[in-house]
Amino acid sequence: MLALLLVTSHVQSVSAGDRELGQYLSSECVTCHQITGKAIEGVPPIVGWPEDQFEAVMKSYKEKERDNPVMQNIAGRLKAEDIAALATYFRELR
Amino acid sequence: MKISRRHFISASASFAGVMMLGAPSVIGQAKPRVVVIGGGAGGATAAKYIAKDSGGAIAVTLIEPNAKYQTCFHSNLYLGGFRDYPSIVHDYAMLKSKYGIDVVSESATRIDRDKKEVSLSGGKTVAYDRLVVSPGIDLKYDSVPGWSQAAEEVMPHAWKPGAQTLLLKKRLDAVENGGVIVMIAPPNPYRCPPGPYERVSMMAHALKVAGKDRCKIFVIDPKETFSKQGLFQQGWEKYYKGMVEWLGPKVHDGVKSVDPASGTVVTGFETYKNAALVNVIPAQMAGAIARDAMLANASGFCAIDPTNMKSAVDSNIYILGDASIAGDMPKSAFSANSQAKVAALMIRGELAGARTFDARYSNTCWSLIETDDCVKVGGAYEAKDGKITASSTFVSKTDETPDVRKQSQAENMAWYAGISADIFT
Ligand SMILES: Cc1cc2nc3c(=O)[nH]c(=O)nc-3n(C[C@H](O)[C@H](O)[C@H](O)COP(=O)(O)OP(=O)(O)OC[C@H]3O[C@@H](n4cnc5c(N)ncnc54)[C@H](O)[C@@H]3O)c2cc1C
């Protein structure tokens, strides 16, 4: 148990986002985005991005600066911690 | 000390293992068992996500009689010539090989809720700790006077996929220039609210490109209004002028009868004789297996707990997709897939001690009107006021640029690739 706690705290110090939350929330995204990171015309790849860029893009959909209504609708309800969790999850996916 | 991500995952997996021993439902038993009835958009997604995310801690059995899943979604695009048939057919091979799901090619014939057992058409029974029921719809053959199950060979519905989809396409392609097509649209609630109207668009498109623009499609609708109505009617006027006529109930005064032998449709307003094709989309209800187990209410569909997709009448059972009463969510593959992910999380929470989060649902439905002209409607949903409630919605506008419409069609095609990979690979 102790070892596990150490592992957990270690991971939290290197990754901003909550991985389990990210995994759950990501299940919505992969209905359209390919989990393999494959690009398909119409829906761009979102795997492996630097977290800060990913978060900035998600916030721009949330704030309706980027104008795709599909992504605005999806990003609209995400809180900052949700976006951080997703950013971490998708960065780590390979 | 540097610990890799892989170490972290295996550590948390064994942590989940420790938690599992404490979970009451699994005492004295090797592995908790989940049985899923129906390998469609809801059931196959649930089976995959439970198996994948529990890393083998939960035994998952998927019961589905068909070896291949032929999607209703994008079957209209097949009708319009925008897809070939093999591209809308999928199989369960990866669900077996990659996630270790036990895929049983039989029908579930009975659910014994007291014993927590499902009987199969082959004679065996399978026991469950949690059951997922996602059988889709059954058609109310008696909702259109004169129509019947036997008549579907002559007046196809194509609202359940497979042979019916192929038959409708064959019949459409055989319509001669000047022929009359009658679509009898369904009453609410039904699978895929914009589906009938996308189908009308795709039929008109196929006729037009075949040079058969003297054909006429009459839509006899029991509803006063329908999904994306302004967008569809604008599109029909723009691309298929004179080919499509939509009639609401005040105009046609109800379908009085159909005669499959002579291709006749009698409404209170007019009789259509010698129709080249009649597409009957009847009223619908939850699949029989759900109704027979008394999971449906008087509406014919199954009430659920919006926080987790559990049946309102049996806490060991989850109901997904078209069979469920999902509040503001339409009956769509997108919705069924979204609901399945919520259920999978909650089931892992119950059986394997996984951390759970508040349910979030979403949907987007695209409809193709003509080449490169696609419209969409969507929403985000949550549990609120005792039902699944929309927290935000959007719909395409009538004054969008051609570029936006074309982009929406690219999204539509990419979504299909996405959801089919998400369900079956
Ligand atoms: C023309 C048309 C166009 C559509 N377009 C779209 C679209 O563009 N986007 C979208 O999101 N949705 C669309 N839909 C809707 C979508 O197809 C359904 O909402 C979706 O398939 C529902 O998923 P489900 O899991 O509830 O049922 P289904 O996908 O129908 O799956 C049910 C499965 O259960 C099996 N089954 C039934 N009874 C039993 C039993 N007793 N034992 C074992 N197995 C059983 C069936 O064989 C079937 O495979 C469309 C539908 C139609 C008809």
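Since we're looking at a predicted model, the values are computed, not measured.
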Specify the closest pair of heavy atoms between A:G42 and B:A410, including all atoms of both residues, with the distance to one decimal. CA-CB, 3.7 Å
Distance col, row B:K341:NZ vs A:L25:CG, nearest 0.5 angstrom, shows 11.5 Å
Between chain A and each of B:T364, B:T393, B:D53, count heavy-atom pairs under 4.5 Å; write down the option with the most. B:D53
Do A:E28 and B:N337 touch side chain to side chain, with heavy atoms closer than 4.5 Å? no
The salt bridge (Lys or Arg N to Asp or Glu O under 4.0 Å) partners of B:R83 (sequence neighbours excluded) come to none
Just to be sure I understand the criterion: a residue of residues 52-62 of chain A counts if one of its heavy atoms is under 4.5 Å from a heavy atom of chain B. Which ones qualify? none
State whether the side chain of A:R77 and the backbone N or O of B:E382 hold a donor-acceptor pair below 3.5 Å, judged by distance alone. no
Do B:R360 and A:D82 come close enough that some side-chain heavy atom pair is under 4.5 Å? yes
The reported gap from NZ in B:K52 to CD in A:Q23 (rounded to nearest 0.5 angstrom) is 5.5 Å
A:E41 atom CD: more than 12 heavy-atom contacts under 6.0 Å: no
Neighbourhood of chain A inside residues 417-425 of chain B, taking heavy atoms under 4.5 Å as contact: B:A417, B:G418, B:I419, B:A421, B:D422
Using heavy-atom distances under 4.5 Å, tell me whether B:S392 contacts chain A through its side chain, its backbone, both, or neither. both
Please classify the contact between B:Y416 and chain A as side chain, backbone, both or neither, with a heavy-atom cut-off of under 4.5 Å. neither
Is any side-chain heavy atom of B:T356 closer than 4.5 Å to one of A:Y24? no
Would you compute the distance between atom CE of B:M413 and atom CD1 of A:I40 and round it to the nearest 0.5 angstrom? 10.0 Å
Heavy-atom pair count under 4.5 Å with chain A, highest-scoring of B:S362, B:S408, B:A354, B:S338: B:S362
B:F357 side, atom CZ; A:E20 side, atom CD - distance, nearest 0.5 Å: 5.5 Å
Residues 400-421 of chain B vs salt bridge (charged side-chain N to carboxylate O under 4.0 Å, His left out), sequence neighbours excluded, gives B:D373-B:R405, B:K376-B:E411, B:E400-B:R405
Could you tell me whether B:D358 atom CG has more than 12 heavy atoms of other residues or ligands within 6.0 Å of it? no
Nearest 0.5 Å please: distance from the CZ atom of B:F334 over to the OG1 atom of A:T31. 4.5 Å
Winner by heavy-atom pair count (cut-off under 4.5 Å) against chain A, out of B:G378, B:G379, B:S391: B:G379
